[in-house]
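Structure first, commentary second.
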There are 2 protein chains.
Amino acid sequence: MSRTDYPVYLQLRDRLWDWIETEELSSQQRLPSERELSERFHTTRVTIRQALSQLEAEGLIFRSNRRGWYITPERLRYDPSRDVGFNRYVTEQGFHPRTETLFKQLTEVPPWLSEISGLEVGTPIYHVFRRRYVDERGLLVEHNYINPAHCPGLLSESTDMSIWQMLREKYDLRPEHRDIEIYPLALKGLEAESLNVNQGAAGLYIQRLSFDQRGDFLELDREYWLHDALKIAVRIGDRH
Amino acid sequence: MSRTDYPVYLQLRDRLWDWIETEELSSQQRLPSERELSERFHTTRVTIRQALSQLEAEGLIFRSNRRGWYITPERLRYDPSRDVGFNRYVTEQGFHPRTETLFKQLTEVPPWLSEISGLEVGTPIYHVFRRRYVDERGLLVEHNYINPAHCPGLLSESTDMSIWQMLREKYDLRPEHRDIEIYPLALKGLEAESLNVNQGAAGLYIQRLSFDQRGDFLELDREYWLHDALKIAVRIGDRH
DNA sequence: AAGTGGTCTAGACCACGTG
DNA sequence: ACGTGGTCTAGACCACTTT
């Protein structure tokens, strides 16, 4: 059984990988331009882009819309089952978090939300859309849908901090159980634009649907992460 | 703020999407050849491939090495925290599972495994490598590392069924807690070849590290899934 | 044997980000 | 204003799958 021949773009991938290692390029550092790379490695831009895309898929480098290629930082560890705010677990890992609220509004429950939350269509609902950074790289955008019946006046508060912390401290709300969904998807439309990535860039979707002790809908969280930004780590079955 | 102009390949994506809908192409059905599509939509193969790749990233279609483009089946729902075998939850969802053992061997604990399991380097360990199908599409490959101290003779058993079921029924072994890791990655090398996808195809990695009541290492499970094949769904915090 | 997808070339134009 | 990445053309050859 003979091996298929090893295509040029994969050879380039290997050489780029080695080159990045020997140059000791560090997190968020920029690579030379594609034209410069294609000259240096004696190939065309199309082929060097294929090699770069390969390394992008592997998570070694990433691109920021029309600005160039950069070294990907280490993945953030994330446990969606814990009740710890973004700012806290980012800080715990030695990085610098930042949150930007892109919009917040009082709106009405649409049919799809009614279906999973049990709220009636048309019921008032808070909707917050935020972007989260780690070390000034935008890693995810997040839609929060919160039941105003449980926390009137929430939108007047600053939403740049942890919503969970606020719910716990100001309104004494805690989730009793959660339904979590996770799957890979392509970042599109608003999410892709907000994260400065191409339409169709690989991402990870995380949804958390939280209910209180009485089984009432508390909050829905829909997160769109860059594919290379996180590593989910959960411990299951341990009773503390 | 004027919109950036909408590139041809995204227009093609939309037209392909519509075309697939109106043709009512069903799961696993093959699309026309790239040359035929590029004629039909009056463009070049490079551009039609960009549009196809977009739909691939979105999970609507997939490719099987050099054979063509096909309609992606519905995602399989999967709860890695439950103790239910692959065959069972696939069947529960109305699909047909199949498992193929690609190899199984008795080997020695390598350093990386020692680090996470607590076993000493060089200790005997079972290693099973399997491929799992749903409706005859290979969705994942899986490495199992099992502590033979707890289940001598396991390799003589058929490994085409649920290993967990076997551990429970034949050896009365149950995990007390588990460390689960999940993140997107690129499928490469052995994993890509075994799943008949390109080097660098998008995938999802799921690792489960299981310990028994005494805190002893039981089993390590490393799964490499196609990115479009599954939706993880977990309920947390509910006490039955 | 024919046709397919995978790879690759050598150009080109454009919109956008950065100086 | 310049250079960048993003897009696109019109070809070509090859390895592999299917007929």
Side-chain angles (χ1 to χ4, degrees), chain A residues 1-16 28-57 61-70 136-138 186-188 192-193 195-201, chain B residues 1-16 28-57 61-70 138 186-188 192-193 195-201:
Chain A
M1 199 174 81
S2 76
R3 275 208 65 65
T4 258
D5 59 9
Y6 199 58
V8 175
Y9 79 92
L10 286 180
Q11 298 174 32
L12 285 171
R13 182 221 88 109
D14 296 344
R15 293 170 63 194
L16 277 166
Q28 307 243 33
Q29 206 167 330
R30 190 175 176 280
L31 267 60
S33 78
E34 295 177 355
R35 286 173 178 81
E36 192 177 330
L37 287 172
S38 56
E39 276 186 33
R40 189 185 309 217
F41 291 98
H42 303 99
T43 181
T44 58
R45 248 184 90 212
V46 176
T47 305
I48 204 75
R49 274 170 70 82
Q50 226 178 330
L52 290 167
S53 299
Q54 178 75 21
L55 290 172
E56 181 189 31
I61 61 179
F62 70 95
R63 56 180 129 180
S64 184
N65 245 351
R66 291 179 181 279
R67 295 199 308 119
W69 297 86
Y70 300 83
E136 291 309 307
R137 179 184 179 211
L187 300 174
K188 292 173 50 185
E193 281 170 29
L195 290 170
N196 264 290
V197 294
N198 288 350
Q199 294 292 319
Chain B
M1 199 176 80
S2 75
R3 275 207 64 67
T4 258
D5 59 11
Y6 200 58
V8 175
Y9 80 91
L10 285 180
Q11 299 174 32
L12 285 171
R13 182 221 87 110
D14 296 344
R15 292 171 62 195
L16 276 166
Q28 306 242 35
Q29 206 167 331
R30 191 174 175 281
L31 267 61
S33 78
E34 295 177 355
R35 286 173 177 81
E36 191 177 331
L37 287 172
S38 58
E39 276 186 33
R40 187 185 309 218
F41 291 98
H42 303 98
T43 181
T44 58
R45 248 183 90 211
V46 176
T47 305
I48 205 74
R49 274 171 69 84
Q50 228 178 328
L52 290 167
S53 299
Q54 179 75 19
L55 290 171
E56 181 189 32
I61 61 179
F62 70 95
R63 57 178 127 179
S64 183
N65 247 350
R66 292 180 181 279
R67 296 199 306 120
W69 298 86
Y70 300 83
L187 301 175
K188 292 173 51 186
E193 280 169 31
L195 290 170
N196 263 290
V197 295
N198 288 351
Q199 294 292 320

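The figures that follow rest on heavy atoms only: side chains count, while hydrogens, waters and symmetry mates do not. In this text, all values refer to a predicted model and were calculated from it rather than measured experimentally. First the proteins, then the strands, lettered A, B, ... as listed; each starts at 1.
Counting non-hydrogen atoms of neighbouring residues, nucleotides and ligands closer than 6.0 angstrom, the CD atom of Gln11(B) exceeds 12 such neighbours.
Between the CD1 atom of Ile61(A) and the C1' atom of dG5(D) there is a distance of 13 Å, rounded to whole Å. Distance, Tyr9(A) OH to dC14(D) P: 19 Å, rounded to whole Å. Taking atom CG of residue Asn196(A) and atom P of nucleotide dG6(D), one finds them 11 Å apart after rounding to whole Å. Rounded to whole Å, the distance from CG on Asn65(A) to P on dG6(D) is 7 Å. One atom, CD1 of Ile48(A), and another, C1' of dT7(C), lie 15 Å apart when rounded to the nearest Å. In this entry the distance linking CG of Leu12(B) with P of dT7(D) reads 13 Å, nearest Å. The interatomic distance linking Leu10(A) (CG) with dC8(C) (P) rounds to 8 Å, in whole Å. A straight line from CZ of Arg66(A) to C1' of dC16(C) spans 5 Å, rounded to a whole angstrom.
The shortest distance between the side-chain N/O atoms of Asn198(A) and the OP1/OP2 oxygens of dG6(D) is below 4.0 Å. Phosphate contact (OP1/OP2 of dT18(D), side-chain N/O of Arg30(B), threshold under 4.0 Å): absent.
Taking the side chain as every heavy atom from C-beta outward, Leu16(A) and Phe41(A) approach each other to under 4.5 Å. A heavy-atom distance below 4.5 Å is found between the side chains of Asp14(B) and Tyr6(B).
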>> Go through it in stages, so that I can follow the logic: the residues are Tyr70(A) and Gln28(A), the test is side-chain contact (heavy atoms from CB on, under 4.5 Å), and I'd like the CA-CA distance, side-chain angles, deciding distance and then a yes or no.
In response: CA-CA 5 Å; Tyr70(A) 300 83; Gln28(A) 307 243 33; 5.5 Å; no

> Given Asn198(A) and Asn65(A), is the side-chain contact (heavy atoms from CB on, under 4.5 Å) satisfied, shown in steps?
Replying inline: CA-CA 7 Å; Asn198(A) 288 350; Asn65(A) 245 351; 3.2 Å; yes

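For Gln199(B) (side chain) and Ala192(B) (main-chain N/O), no donor-acceptor pair under 3.5 Å exists by modelled atom type. Judged by distance alone, with hydrogens and angles left aside, the side-chain atoms of Arg30(A) form a donor-acceptor pair with the main-chain N or O of Arg67(A) at under 3.5 Å.
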Under-3.5 Å N/O pairs linking protein and nucleotides 9-13 of chain C:
{"unit_1": "dT9(C)", "atom_1": "OP2", "unit_2": "Thr43(A)", "atom_2": "OG1", "d": "3.1"}
{"unit_1": "dT9(C)", "atom_1": "OP2", "unit_2": "Thr44(A)", "atom_2": "OG1", "d": "3.0"}
{"unit_1": "dT9(C)", "atom_1": "OP2", "unit_2": "Thr47(A)", "atom_2": "OG1", "d": "2.6"}

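Judged as a side chain to side chain contact (heavy atoms under 4.5 Å, CB included), and not counting sequence neighbours, the contacts of Glu36(B) are Pro32(B), Ser33(B), Arg40(B).
Of the candidate nucleotides dC8(C), dA15(D), dC16(C), dC8(C) has the atom nearest to the side chain of Gln50(A).
The distance from atom NZ of Lys188(B) to atom CZ of Arg13(A), rounded to the nearest 0.5 Å, is 4.5 Å.
Residue contacts for Arg49(B): at a heavy-atom cut-off of 4.0 Å it reaches a base atom on one of the strands shown.
Across its full length, the helix from dA1(C)-dT18(D) to dT18(C)-dA1(D) shows an angle of 10° between the axes of its 5 terminal pairs at either end, rounded to 10 degrees.
Comparing Glu34(A) and Tyr70(B) against DNA chain D, the residue whose closest nucleotide sits nearer the 5' end is Glu34(A).
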